[in-house]
Amino acid sequence: MNPVTGLSLGRIAVGVASLAKPDLVASSMGQSTGSPLMTQWFGSREIALGLATLLAKGPARRNLVVLGMAVDGADAATAYAGVQAGQVNKQIGTGLVAVAVGAVFSGLLGLVTRTKRTSKAKAEA
């Protein structure tokens with residue numbers, strides 16, 4: 001499966017879980033489960049970004065992958081800062097950083113794979 005497609009489907013799955021079971025998702029991210037609002041906002045963002053990327057073609061898809069990488073990079077930095085500030089348990093925070101950095105690399109892999117496919121197709125034409 002194309003890394004971008006897999007990442008997009010993963011975003012949608014996490015988003016749906018965040019909307020349907022915000023307390024469960026929040027607790028797995030080391031957050032209190034008192035108010036589901038932030039988790040549901042996160043879920044809506046993930047669904048929107050995943051769907052938009054899946055449906056986009058050409059340069060628009062590439063731009064959405066880059067946007068997703070920026071969002072995931074910001075998520076990694078925020079999780080790291082949360083650990084440093086003592087707001088997030090170190091073990092959970094490390095997992096959150098790893099997931100976000102993995103998503104950045106998945107997006108990068110998708111861009112590299114797409115560029116190679118596009119170059120090969122142009123060479124064969």
Between Ile47 and Val14, is a side chain to side chain contact (heavy atoms under 4.5 Å, CB included) present by the stated rule, with each step listed? CA-CA 8 Å; Ile47 292 169; Val14 168; over 6 Å; no

State plainly whether one hydrophobic cluster holds both [X] and [Y], where clusters connect Ile, Leu, Val, Met, Phe, Trp and Tyr through side-chain heavy atoms under 4.5 angstrom apart.
| X | Y | answer |
| --- | --- | --- |
| Leu109 | Val66 | no |
| Val4 | Ile12 | no |
| Val101 | Leu108 | yes |

Without swapping roles, check the side chain of [X] against the backbone of [Y] for a donor-acceptor pair under 3.5 Å.
| X | Y | result |
| --- | --- | --- |
| Thr53 | Gly50 | no |
| Thr94 | Lys90 | yes |
| Arg11 | Glu46 | no |

For the atom pair [atom1] ([X]) and [atom2] ([Y]), what is the distance rounded to the nearest 0.5 Å?
| X | Y | atom1 | atom2 | answer |
| --- | --- | --- | --- | --- |
| Asp72 | Leu49 | CG | CG | 7.5 Å |
| Lys21 | Ser27 | NZ | OG | 11.5 Å |
| Ser28 | Ile92 | OG | CD1 | 8.0 Å |
| Asp75 | Met29 | CG | CE | 8.0 Å |
| Leu19 | Phe42 | CG | CZ | 10.5 Å |

Of the non-hydrogen atoms in [X] and [Y], which two are nearest, and what is the gap between them?
| X | Y | result |
| --- | --- | --- |
| Leu96 | Ala79 | CB-CB, 3.9 Å |
| Val83 | Gly93 | CG2-CA, 3.4 Å |
| Ser18 | Gln40 | O-CG, 3.6 Å |
| Gly107 | Leu7 | N-CD2, 4.0 Å |
| Tyr80 | Val97 | N-CG2, 3.6 Å |
| Val104 | Gly73 | CG2-N, 3.6 Å |

Go through Leu9 and Leu54 one step at a time and tell me if the side chain to side chain contact (heavy atoms under 4.5 Å, CB included) criterion holds. CA-CA 8 Å; Leu9 293 173; Leu54 278 179; 3.7 Å; yes

Are the side chains of Arg61 and Leu55 in touch, meaning some heavy atoms are under 4.5 Å apart?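 SC-SC contact between Arg61 and Leu55 ruled out.
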
